Amino acid sequence: MALRLFNTLSAKVEEFQPQQDHLVRMYSCGPTVYDYGHVGNFRTFVFVDILRRFLQQSGYELKHVMNITDVDDKIIRNAAKQGVTVGEYTKKYEQAFREDMQTLSLETPELIVRATENIPDMAAFIAGLEQKGYAYRADDGSYYFRIAKFPEYGKLSKKDFAGMEVGARVDVDEYDKDNARDFALWKAPKPGEAWWDTAIGAGRPGWHIECSVMARKFLGDTLDMHLGGEDLIFPHHENEIAQSEALTGKPFARFWVHARFLLVEGEKMSKSLGNFYTLRDLVLKGHKPSSIRYLLASVPYRRQLNFTFGGLKQAASSVERLRNFKLRLETGHFEPGSNPKIAALAQTARECFTATLADDLNTAEALAAVFDMVREVNAAADAGEVRKNDIPPLLAVLTQFDQIFDVLRDTDAPKIERILEWAQKEGNLDGVSNGRADVYGTLTSKVSDQGVEELIAKREAARRARDFKASDAIRAQLAEAGIIVEDTKDGVRWKRK
RNA sequence: GGCGCGGUACCCAAGUGGUAAGGGAGAGGUCUGCAAAACCUUUAUACGUGGGUUCGAUUCCCACCCGCGCCUCCA
């Protein structure tokens with residue numbers, strides 16, 4: 001089924017087809033590594049991840065490039081404040097970002113590229129623009145893009161700059177720009193700032209040039225899709241289009257897809273409102289990475305997602321329900337044979353799941369398709385209508401689901417542990433809420449699977465002897481270690497909290 | 001001010017010109033030694049407010065109210 005996506009450029013939902021058979025060349029704007037990533041950042045990255053995974057599930061091969069912006073005003077300022085070089089400063093946050101990607105089970109793009117490692121290419125790109133008259137050099141050695149020469153400027157963000165008069169609104173400190181809207185391609189060095197010596201002179205790149213240059217270098221003149229958060233539409237992506245199309249004369253990207261901003265507790269996330277959370281903050285408050293990923297993925301990317309702590313708890317319950325269902329299929333006892341009714345349920349779920357995702361990545365409806373199956377199969381299993389041969393197709397649906405959502409495999413514990421270690425090292429445990437105790441409880445238990453099995457065997461013996469006092473004591477002991485014991489009609493099963 | 005998006009039950013959140021998915025939570029029940037898990041039943045005379053179009057609107061149009069985004073580097 002063909003994927004339909006909302007293309008910001010056309011402002012319509014369009015059917016996506018790559019230029020070349022089954023290869024998708026995509027570029028997504030990665031982080032500026034000046035601090036730890038926050039939930040808002042990750043809403044966008046989770047969207048990109050879901051899209052990546054669905055494309056792959058649909059049979060496409062990906063060549064996905066993501067940039068790391070490792071030089072900009074904020075980085076230069078913060079590095080200077082700490083008295084370290086830009087490289088030293090960004091290394092730490094790039095590493096942190098990569099760890100955060102793992103925490104959220106985000107797939108690694110085929111290529112991650114750093115701005116600072118492609119400076120000569122940027123200089124050459126700017127020189128090319130200057131040659132064609134799209135760029136000019138200011139007195140101080142900075143380069144600007146001449147917007148007046150690119151009539152299509154504004155086509156992505158739907159802004160009309162036609163009435164803008166050249167020089168009309170130039171600020172006094174921007175005297176060397178021809179037009180106030182002209183944006184910097186290259187910034188001349190300032191005292192104490194990082195700079196590079198290049199063919200077009202000394203300085204550092206402007207914000208937009210890195211993406212135009214690296215996208216072209218690694219993916220070619222025309223991308224299949226270019227992704228990012230909605231705030232990047234203007235000016236970032238608009239400027240990328242101007243730079244790239246001015247130079248190559250070809251469309252820069254066929255699809256522009258943007259994720260909507262989220263709200264936190266119903267309000268815009270901001271430090272002043274006190275609702276600003278990094279991924280690490282949330283984990284330290286006792287929320288599992290799988291809950292966070294689920295919540296971020298469960299609302300379609302073009303909807304304003306209201307990220308709340310209540311929602312996080314709900315997400316945890318939803319994930320738990322799915323994991324329980326999987327456990328039931330894997331550990332339950334079913335009579336031999338097969339039931340066509342169950343096969344039909346699996347088939348319907350499979351088809352709906354794909355169809356809803358293909359419809360502009362409607363993750364909410366895709367989840368509904370899976371939950372419909374869960375409910376109906378659970379009911380059928382209770383009625384003894386599920387047979388052994390029905391299990392593989394049902395598990396196949398869950399596999400298909402998890403290829404996209406990736407929350408069924410329980411990998412939370414080691415991730416939480418890593419963040420706790422980091423927090424202890426950084427002395428960041430102050431202000432961590434009660435959730436911490438739970439997290440610690442789970443992690444410090446460290447009971448081996450074998451140890452659990454032994455205790456459960458002991459408990460079973462006690463239960464058979466109808467010594468419920470003893471068996472309940474063992475269950476409580478396990479619970480303290482973060483192990484949940486469940487007595488099903490098919491026998492005992494256990495899981496880690 | 002300009003442009004754009006949204007307001008659906010206790011919470012999160014789909015969707016449709018013909019009378020409302022899914023998840024969570026709550027209540028009652030089944031199962032269980034007890035729990036847990038699971039299942040069943042139940043919880044929106046109605047989709048921000050007021051008009052209009054229509055045989056019929058939550059779904060289309062207009063106005064208003066509220067929230068959100070972009071309009072100089074915030075995903």
Side-chain angles (χ1 to χ4, degrees), chain A residues 8 11 28-32 37-48 69 72-74 154 157-161 169 171 174 180-181 183-184 206-208 227-236 238-239 258-263 266-271 276 294-295 298-300 302-325 327-328 332 352 356 362-372 374-383 463 466-469 471-472 475-476 479 484-490 492-495:
Chain A
T8 307
S28 66
C29 283
T32 300
H38 56 71
V39 255
N41 297 124
F42 288 109
R43 152 63 150 186
T44 299
F45 295 126
V46 166
F47 146 67
V48 171
T69 300
D72 86 328
D73 293 350
K74 219 173 299 185
S157 54
K158 319 289 177 239
K159 291 181 193 307
D160 184 9
F161 295 102
R169 288 178 56 231
D171 292 347
E174 291 179 315
R181 286 281 176 189
F183 58 90
W207 176 33
H208 320 290
L227 319 166
E230 64 168 338
D231 61 311
L232 298 182
I233 295 170
F234 190 90
H236 187 51
E238 194 72 69
N239 290 352
H258 296 97
R260 185 112 203 246
F261 267 31
L262 53 65
L263 258 42
E267 290 185 291
K268 182 183 175 170
M269 180 170 71
S270 74
K271 284 181 178 162
F276 186 95
Y294 182 94
L295 179 56
S298 64
V299 178
R302 284 206 289 140
R303 288 289 187 149
Q304 190 174 57
L305 180 164
N306 187 9
F307 191 93
T308 65
F309 288 102
L312 232 25
K313 287 206 187 85
Q314 293 174 13
S317 300
S318 300
V319 170
E320 201 49 35
R321 174 145 192 232
L322 293 169
R323 286 180 181 173
N324 278 327
F325 177 71
L327 200 60
R328 181 177 197 180
C352 285
T356 53
N362 193 334
T363 48
E365 280 211 294
L367 285 171
V370 172
F371 277 106
D372 280 340
V374 169
R375 178 172 20 78
E376 292 179 51
V377 171
N378 267 326
D382 279 1
R463 288 184 73 218
R466 301 195 70 77
D467 182 355
F468 295 121
K469 201 171 168 187
S471 70
D472 286 352
R475 185 167 65 192
I484 295 166
V485 183
E486 295 171 357
D487 302 319
T488 73
K489 67 179 173 185
D490 298 322
V492 190
R493 70 182 193 191
W494 64 275
K495 61 190 178 187

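Naming convention: chains lettered A, B, ... in sequence-line order (proteins, then strands); numbering from 1 in each chain. Treat the numbers as computed from the prediction; the structure is a model and nothing was measured.
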Quick one: look up who B:rC60 pairs with, Watson-Crick or G-U, both distances under 3.5 Å, and put none if it's unpaired.
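The base-pairing partner of B:rC60, which may sit in any strand shown, is B:rG52.
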Find the distance [X]:[atom1] to [N]:[atom2] and express it as a whole number of Å.
X: A:Glu238; N: B:rG4; atom1: CD; atom2: P; value: 16 Å
X: A:Arg375; N: B:rC39; atom1: CZ; atom2: P; value: 9 Å
X: A:Glu320; N: B:rA25; atom1: CD; atom2: P; value: 11 Å

State which residues pass side chain to side chain contact (heavy atoms under 4.5 Å, CB included) with A:Asp487; sequence neighbours excluded, sorted by chain then number.
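A:Arg459, A:Glu460, A:Arg463, A:Arg475, A:Val485, A:Val492.
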Return a single string for nucleotides 10-20 of chain B, one symbol per nucleotide in 5' to 3' order, where B is base contact, S is sugar-phosphate-only contact and - is none, cutoff 4.0 angstrom on heavy atoms.
-BSSSS-----
How is [X] classified with respect to the nucleic acid when contacts are heavy atoms under 4.0 Å: base, sugar-phosphate, or nothing?
X: A:Lys489; answer: nothing
X: A:His38; answer: base
X: A:Ile233; answer: nothing
X: A:Leu232; answer: sugar-phosphate
X: A:Phe234; answer: sugar-phosphate
X: A:Arg475; answer: base
X: A:Thr488; answer: nothing
X: A:Asp487; answer: base
X: A:Val39; answer: nothing
X: A:Asn378; answer: sugar-phosphate
X: A:Phe371; answer: sugar-phosphate
X: A:Arg463; answer: base

What integer number of Å spans the P atoms of B:rC62 and B:rG2?
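Looking at atom P only, B:rC62 and B:rG2 are 16 Å apart.
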Looking at the side chain of A:Ala368, which of B:rG22, B:rC39, B:rA37 is the nearest nucleotide?
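Among the listed nucleotides, the one closest to the side chain of A:Ala368 is B:rG22.
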Ring geometry between A:His236 and A:His208 (parallel below 30°, tilted from 30 to 60°, perpendicular above 60°):
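Correct class here is tilted.
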Measuring to OP1 and OP2 of B:rC5, would you say a side-chain N or O of A:Arg260 lies under 4.0 angstrom away?
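It does not, given that no N or O in the side chain of A:Arg260 lies less than 4.0 Å from OP1 or OP2 of B:rC5.
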Quick check for you: to the nearest 0.5 Å, what is the distance between A:His258 atom NE2 and A:Leu232 atom CG?
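Between atom NE2 of A:His258 and atom CG of A:Leu232 there are 6.5 Å.
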